[in-house]
A.B. asks: 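What follows is a single structure, and I will ask about it in a moment.
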Number of protein chains: 2
Amino acid sequence: MNQALKPDISAPANLSAGIYSDLQRKLIVGDLRPAENLSIRTLAEEYKVSAMPVREALRQLASEDALIGAAKKAYRVPNLTSEQAADLFFVRAVLEGAAAEIAAERVSEADIKILRKHNIDLEAAWGKQHASDFLFANYQFHRHVYSLTGNSALQSMIDALYVRTGPWLAYGITNLVKPDKWMGEHDHIITALGQRDKAETRRLMEEDARWGVELFRELG
Amino acid sequence: MNQALKPDISAPANLSAGIYSDLQRKLIVGDLRPAENLSIRTLAEEYKVSAMPVREALRQLASEDALIGAAKKAYRVPNLTSEQAADLFFVRAVLEGAAAEIAAERVSEADIKILRKHNIDLEAAWGKQHASDFLFANYQFHRHVYSLTGNSALQSMIDALYVRTGPWLAYGITNLVKPDKWMGEHDHIITALGQRDKAETRRLMEEDARWGVELFRELG
DNA sequence: GCATTCATTCTGTGATCACAGTTTATGATA
DNA sequence: TATCATAAACTGTGATCACAGAATGAATGC
């Protein structure tokens, strides 16, 4: 997950790894919808490989609860309940808050520039109500911040949360359009980072993570 | 990982799942040592199954960085560097601290009683310098606390950290005996929980997580 | 006696097959 | 036309085989 997100299968140490990261990306940006079924054999045909690498990728995603895998039944994208979503966003706030505090100590001007770029992409996607572009830009923004910690364990854990919330967020954005609801907390985060203000950066990052829960409440 | 830790393969929805949790337990309590090699075929013989379920269990553990899986080379237990270990304990402090704060709001007298029991087991194991018993009791104690949150995403993430630090902690305890070094922070945690003191519980829990790093520093 | 090379053994990976549950579609019956 | 039984299609799971690269050993050269 530390690799760049390419549209196709990227640098394959294994075939499984390539399929895994491709599906991961599709989950993060919401290309796969809640309750959607994923079949080993069908995906194997699409990726033009045997069933073997696909089943390993799916099993791996299921072990992270990014997919649901019941015995003898098709894998499927989870449909989060309100409690489950709230739990995920809580953990995200805790981890990203701690990460942001460290990031504020290490951020450079080059980082600020990159974050601004991601934020422009993000607002453009929001203006067009393009869910997957929005989620991708949002992920890129946040990822750049918490990658500044240099803590790979922390990074992969946060990544896993984006994978799990992606399908649900995409559904919420697409089916529950509230363009005025989102005010762009990211600008404030960039400002706080630029000022190396640890406490404020943390506070804003936690608040931003909570935004997902807000959106969720209206979905019911 | 939310299942009880049994010595043998437990309720097998799959064969893979049973092997997975058995290896997981062995990692947590340090039955597997750093740099130890795990071969698919060898384990398949031990578990009396084909290679199929074993390779899926190993791949899954490798995906969580609980094992190292290079291409065409044997899976092996990671040998943590000082930076890696510090990163893991940092995340553990962040997550368990947040969890402890919630636990302090929800803890019951029955919970306190269970925690005391785990603590007695823990100190007995420490007195005998029995690494795996100690790590198991320690895990049970902490797990009971953060399970009080009811947040399964949070729980499985913390579990994953115990899996990754287990082998290294066992090595440290066995090869670097400092019986006087450890003063039993757990008693204070139980007290703070009993008083429903959120801030103090969090502070103590974060401090306790930092203990692993201390032990680590002396290991070099 | 020591280093180097080559063969053997061991490693994970991918493909293919058989099997047993699940789901879906079809057809018969009222 | 609606409902239920039955069969066909689809699902993940486990086992087995072939293969290529890595590690290990022994034998050969110096």
Side-chain angles (χ1 to χ4, degrees), chain A residues 1 3 8-24 26-27 32-79 167, chain B residues 1 3 8-24 26-27 32-79 167:
Chain A
M1 191 51 198
Q3 292 297 351
D8 208 3
I9 299 177
S10 60
N14 301 333
L15 289 182
S16 315
I19 295 166
Y20 173 79
S21 57
D22 189 56
L23 290 173
Q24 201 171 219
K26 289 195 167 110
L27 286 165
L32 299 174
R33 284 171 304 178
E36 181 169 350
N37 275 0
L38 297 182
S39 145
I40 292 179
R41 289 172 177 84
T42 304
L43 287 174
E45 283 185 21
E46 291 181 13
Y47 287 113
K48 299 184 195 301
V49 294
S50 86
M52 205 61 243
V54 175
R55 66 190 279 190
E56 294 193 316
L58 291 179
R59 174 178 288 271
Q60 197 165 314
L61 287 165
S63 81
E64 306 167 14
D65 295 313
L67 295 177
I68 296 176
K72 253 78 175 182
K73 290 201 289 189
Y75 285 93
R76 71 173 186 281
V77 181
N79 215 332
Chain B
M1 194 49 199
Q3 294 296 350
D8 209 0
I9 298 179
S10 59
N14 299 335
L15 288 182
S16 316
I19 296 166
Y20 173 79
S21 55
D22 189 54
L23 291 173
Q24 202 171 216
K26 289 197 168 106
L27 286 165
L32 299 174
R33 285 172 302 177
E36 181 169 351
N37 274 2
L38 297 182
S39 143
I40 293 179
R41 288 172 178 86
T42 305
L43 286 174
E45 282 183 23
E46 290 181 14
Y47 286 114
K48 297 185 196 302
V49 295
S50 85
M52 204 65 243
V54 175
R55 65 190 278 189
E56 294 192 318
L58 290 179
R59 174 177 286 273
Q60 197 165 316
L61 288 165
S63 81
E64 305 167 15
D65 295 313
L67 294 178
I68 296 177
K72 253 77 174 184
K73 289 201 289 187
Y75 286 92
R76 72 174 185 279
V77 181
N79 214 332

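No experiment lies behind these values; they were computed from the predicted model shown. Hydrogens, waters and symmetry mates play no part in the numbers below; they use all other heavy atoms, side chains included. Each chain gets a letter, A, B and so on, in the order its sequence line appears, and its residues count up from 1.
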A.B. asks: Would you say Leu27(B) and Leu61(B) make side-chain contact, with heavy atoms under 4.5 Å?
C.D. replies: yes
A.B. asks: Please assess Leu38(A) against Val54(A) for the test side-chain contact (heavy atoms from CB on, under 4.5 Å), listing each intermediate value before the final yes or no.
C.D. replies: CA-CA 10 Å; Leu38(A) 297 182; Val54(A) 175; over 6 Å; no
A.B. asks: Starting at OG1 of Thr42(A), measure out to CG of Asn37(A) and round the result to the nearest 0.5 Å.
C.D. replies: 9.5 Å
A.B. asks: Among residues 34-44 of chain A, which residues get a heavy atom nearer than 4.0 Å to DNA chain D?
C.D. replies: Leu38(A), Ser39(A), Ile40(A), Arg41(A)
A.B. asks: Go through Leu15(B) and Tyr47(B) one step at a time and tell me if the side-chain contact (heavy atoms from CB on, under 4.5 Å) criterion holds.
C.D. replies: CA-CA 10 Å; Leu15(B) 288 182; Tyr47(B) 286 114; over 6 Å; no
A.B. asks: Going by number, which of residues 50-65 of chain A have a non-hydrogen atom under 4.0 Å from DNA chain C?
C.D. replies: Ser50(A), Met52(A), Pro53(A)
A.B. asks: If you assign each of Lys73(A) and Ser16(A) to its closest nucleotide in DNA chain C, which residue comes earlier from the 5' end?
C.D. replies: Ser16(A)
A.B. asks: Pick one: which of Glu56(A), Arg55(A), Gln60(A) meets side-chain hydrogen bond (donor to acceptor under 3.5 Å, both in side chains) with Ser16(A)?
C.D. replies: Glu56(A)
A.B. asks: Which nucleotide span of DNA chain D, 5' end to 3' end, has atoms closer than 4.0 Å to non-hydrogen atoms of chain B?
C.D. replies: dT13(D) to dA23(D)
A.B. asks: Got a sec: does the CD of Glu45(B) have more than 12 other heavy atoms crowding it under 6.0 Å?
C.D. replies: no
A.B. asks: Dump the intermediate steps for side-chain contact (heavy atoms from CB on, under 4.5 Å) on Leu58(B) and Leu43(B), then the final yes or no.
C.D. replies: CA-CA 10 Å; Leu58(B) 290 179; Leu43(B) 286 174; 4.0 Å; yes
A.B. asks: Looking at every non-hydrogen atom in both residues, tell me the closest pair between Ala62(B) and Gly69(B) and how far apart they are.
C.D. replies: CB-N, 4.3 Å
A.B. asks: Please round to the nearest 0.5 Å and tell me the distance separating atom CG of Asn79(A) and atom CD1 of Ile68(A).
C.D. replies: 8.0 Å
A.B. asks: Provide the closest heavy-atom pair for Asp65(B) versus Pro78(B) in the form atom of the first, atom of the second, distance.
C.D. replies: O-CG, 3.9 Å
